[in-house]
2 protein chains.
Amino acid sequence: MASIHDVAKEAGVSVATVSKVINNYPDVSDKTRKKVSQTIKKLKYHPNVAARGLVKGRSWTVGVFVTTSFTNPFVTELLEGIKTALQNSGYDLLHLSTRFDDPTYSFVEHCLSRNVDGVVGFGIDRNDPHLEELLDSDIPTMLVDSDIQGRRAAYITTENKTGIMQAVAHLAELGHSRISFVSGELDNAVGQLRHEGYVEGMKSHKLSVNPAYVKISDYSMEGGAQAMTELLELEERPTAVVCTSDMMAIGAINVIHRSGLSVPEDISVIGFDNTYYSEIFSPALTTVNQNIRSIGSHAIETLIAMIENADFTPSVVTEPSNLVVRCTTAQLRDKSAL
Amino acid sequence: MASIHDVAKEAGVSVATVSKVINNYPDVSDKTRKKVSQTIKKLKYHPNVAARGLVKGRSWTVGVFVTTSFTNPFVTELLEGIKTALQNSGYDLLHLSTRFDDPTYSFVEHCLSRNVDGVVGFGIDRNDPHLEELLDSDIPTMLVDSDIQGRRAAYITTENKTGIMQAVAHLAELGHSRISFVSGELDNAVGQLRHEGYVEGMKSHKLSVNPAYVKISDYSMEGGAQAMTELLELEERPTAVVCTSDMMAIGAINVIHRSGLSVPEDISVIGFDNTYYSEIFSPALTTVNQNIRSIGSHAIETLIAMIENADFTPSVVTEPSNLVVRCTTAQLRDKSAL
DNA sequence: CTGAAAGCGCTTACAG
DNA sequence: CTGAAAGCGCTTACAG
């Protein structure tokens, strides 16, 4: 690779001048600028980003730490949004590899030694010590779905509460009263808000919350299957289930089908996320849509704004959610049929 | 961030000595080594990778260029394999963002200015000018599914031909003779080999290839749906379809169902890839399994070997494939029923 | 408008 | 065993 020196020599100017034309400084004569530009083209010169970063203290890089599987559809959609926003931004996405062989491994130190300009995080437990360290580090950070803010950190999330309320309302309008809530952990903002949405939704339709109908599991298919298995063992099983992820809903539906019951005839099921799977799955899922790609894009846009303006303190952004009715919910059947 | 100078001053040694202990050089006395190590811990010092890279001419970074959507299940599984192999390797994955606003954008120049140590590529058209440039650049490159080699480039793929042959054999054994082949483009190695597998598979079962049964489309659900629509319009429609991706198979099945026919009763369908979708989809897909994650991991391992040994010329690796029989294939029905 | 020089945080011969 | 110095490829005051 040609270096700035090669260009300078070839063009008969100093490296300082070359640097100025690269960076579009105004104090260069048109003639020199033209000469240098031509030489750059001729030599196929491209600035070494690491060298530039070394002096500027930057890397034009955004760090991300994918702790879950890439096959997780939420992650996948989020990355797609991130990718889109990164396009033309001048930043590249650095996917930081964990080092499990090192017990002292620190995500933040990794970011620091890589000199990333910002970090986008998701799926991080709010008690994760890495998170606290990150917040302390003053590296600009955008969190997805974690209700945590810092001097240089903000977050973005979905209207979780109203999303679930819409789901409950839909079921109530279909005549259901024995509505179950199958959720991921409740010890974080997302879990809490969705649970609140469930409780309030039930209340506003004068429906009572049966504690046996609230099942906490994890967001996977297996989690949904496990919860559903337990629900089916109940004396009086629910006629409708609100799940907090599409994968959980799919897991639940599989269990229902395997038990000889059908969806939505016997039990209505609602998912959450509106990932690609929810449409492909058959029956197509009724689900709460969240604009995951927008969340990803917005997170990056905000992060870049934070990076480029040290005084910028972003406010929390909440993307709207809405219910998408497809084929897994139906009118409650005649009670005698139960 | 503390720099090497801070550590040197604090420990009362020269930066050269600090560098030596960081890099585990032997010519440092135990005493100094201990002293320096302690200071490093105390100051939470971590070497700046960009600075080190500048002098070493490396970046400990592998570049990747995701041109398709992250939601593509093949890509997703591949990245998961890549991620796994990168763990503990000391390399991070740099996801290069394209710059569509710049018509002169060059992937290779992007790699060069980022100084990536190697590139893993997939889904690249063999005629893509970027690819040629990449091969010329001498940046170590591992391609997935592109049968292209270079001084510093190799590829890894699946046993495509035998995979399809197994699929055809399975259908033939079920009594099918009107077997269709729905594929992505044939102008690349993968497409060609799969097509060969189809033709040979048919021949070895004494079945004739009906040109009207060969449909070329793209690997998406829409592609499969489009091809299937055309097949259903045929006077004598096929009784079985081999698709070259799971998504195509899903698209095809949806069309079959919508037309009032059923899978596998009326038409058997086989997919390719054995992605997560194929299990979740209902009916669960009979499909040709390829070890996508292994391919991803293997690609990285080979790439790192190439990076760290300039003389290493890897041979082509072909991962085995095998048919996974699930619910979308069945015995041919009585001919009179057609 | 142009360029010499210092410096970003490292590594590496080389001298001692 | 230790360290001074040059250099990796850039940018940025600063002087002219």
Side-chain angles (χ1 to χ4, degrees), chain A residues 1-40 43-61 90 109-117 308, chain B residues 1-40 43-61 90 109-117 308:
Chain A
M1 270 278 280
S3 82
I4 198 172
H5 286 100
D6 300 321
V7 176
K9 191 185 292 179
E10 178 79 17
V13 298
S14 72
V15 296
T17 301
V18 176
S19 176
K20 282 171 188 165
V21 350
I22 294 168
N23 295 289
N24 262 309
Y25 282 26
D27 60 338
V28 180
S29 75
D30 276 2
K31 198 179 146 206
T32 356
R33 187 183 300 281
K34 197 160 296 173
K35 175 77 184 144
V36 170
S37 300
Q38 282 168 354
T39 315
I40 286 175
L43 265 43
K44 297 195 173 193
Y45 166 72
H46 275 256
N48 178 314
V49 180
R52 173 183 285 175
L54 189 57
V55 11
K56 304 270 279 186
R58 307 205 23 201
S59 65
W60 290 273
T61 254
E109 283 167 3
H110 194 169
C111 289
L112 256 13
S113 65
R114 277 290 183 186
N115 211 8
V116 302
D117 297 332
E308 298 186 345
Chain B
M1 270 278 281
S3 82
I4 198 171
H5 286 100
D6 301 320
V7 176
K9 191 185 291 178
E10 178 79 17
V13 297
S14 72
V15 297
T17 301
V18 176
S19 175
K20 283 170 189 166
V21 349
I22 295 168
N23 294 289
N24 262 309
Y25 281 28
D27 60 337
V28 180
S29 73
D30 276 3
K31 197 179 147 205
T32 348
R33 187 183 299 281
K34 199 160 294 172
K35 175 75 183 146
V36 171
S37 300
Q38 282 168 354
T39 313
I40 285 175
L43 266 42
K44 295 191 174 196
Y45 166 71
H46 274 257
N48 179 313
V49 180
R52 172 182 286 175
L54 189 56
V55 10
K56 304 268 278 185
R58 306 204 25 200
S59 65
W60 291 274
T61 255
E109 282 167 3
H110 194 168
C111 290
L112 257 12
S113 65
R114 278 290 184 185
N115 209 8
V116 301
D117 297 331
E308 300 187 343

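Note that this is a predicted model, so its numbers are computed, not measured. Every chain is numbered from 1 and lettered A, B, ... according to where its sequence line falls, protein lines coming before strand lines.
Between Arg33(A) and Tyr25(A) there is no side-chain heavy-atom pair separated by less than 4.5 Å.
Between the C1' atom of dT11(C) and the CG atom of Asn24(B) lies a distance of 15 Å, rounded to the nearest Å. One can place CG of Asp30(B) at 11 Å from C1' of dC1(D), the figure rounded to the nearest angstrom. Put simply, NZ on Lys9(B) is 14 Å from C1' on dG9(C), counting in whole angstrom units. Going from atom CG of Leu112(A) over to atom P of dC10(C) covers 11 Å, rounded to whole Å. For Arg52(B) and dC8(D), the CZ to P distance is 19 Å, given to the nearest whole Å. For the pair Leu43(B) CG and dG9(C) P, the interatomic distance rounds to 14 Å; values are reported in whole Å. Atoms CG (Asn115(B)) and P (dC10(D)) sit 10 Å apart, rounded to a whole Å. Taking atom CZ on Arg33(A) and atom P on dG3(C), their separation rounds to 14 Å, with Å as the unit.
Considering only side-chain N and O atoms, Thr17(B) lies nowhere under 4.0 angstrom from the phosphate OP1 or OP2 of dC1(D). Between Thr32(B) and dC1(D), a side-chain N or O to OP1/OP2 separation shorter than 4.0 Å is absent. Distances shown here put every side-chain N or O of Ser3(A) at or beyond 4.0 Å from the OP1 or OP2 atom of dC8(D). In this structure, Ser14(A) reaches the dG3(C) phosphate: one of its side-chain N or O atoms is under 4.0 Å from OP1 or OP2.
Sorted by first and then second residue, the pairs that involve residues 43-59 of chain A and meet salt bridge (Lys or Arg N to Asp or Glu O under 4.0 Å), not counting sequence neighbours, are Arg58(A)-Asp117(A).
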Contact list (N/O, under 3.5 angstrom) for nucleotides 12-16 of chain D vs protein:
unit_1  : atom_1 : unit_2   : atom_2 : d
dT12(D) : OP1    : Lys56(A) : NZ     : 2.8
dT12(D) : OP2    : Tyr25(A) : OH     : 2.2

Only pairs under 3.5 Å count here: list side-chain donor-acceptor contacts from residues 4-12 of chain B, not counting sequence neighbours, and write none if there are none.
unit_1   : atom_1 : unit_2   : atom_2 : d
Asp6(B)  : OD2    : Ser3(B)  : N      : 2.7
Glu10(B) : OE2    : Lys42(B) : NZ     : 2.6

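For Ser37(B), there are no side chain to side chain donor-acceptor pair (under 3.5 Å) partners two or more places apart in sequence or in a different chain. Under the side chain to side chain donor-acceptor pair (under 3.5 Å) criterion, Gln38(A) pairs with no residue, sequence neighbours left out.
Judged by distance alone, with hydrogens and angles left aside, the side-chain atoms of Asn48(A) form a donor-acceptor pair with the main-chain N or O of Ala50(A) at under 3.5 Å. Of the possible polar contacts, one joining the Ser59(B) side chain to the Asn115(B) backbone as a donor-acceptor pair under 3.5 Å is found. The backbone N or O of Glu109(B) lies less than 3.5 Å from a partner atom in the side chain of Ser113(B), making a donor-acceptor pair. Although no hydrogens or angles enter the test, the distance criterion places no donor-acceptor pair under 3.5 Å between the side chain of Thr32(A) and the main chain of Val28(A).
For the pair Gly12(B) and Ile4(A), both in contact range of DNA chain D, the more 5′-proximal nearest nucleotide belongs to Gly12(B).
At the heavy-atom level, Val13(A) lies under 4.0 Å from the strands shown only through sugar-phosphate atoms.
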Dot-bracket encoding per residue of DNA chain D, Watson-Crick/G-U cut-off under 3.5 Å, | denoting interstrand: |||.||||||||.|||
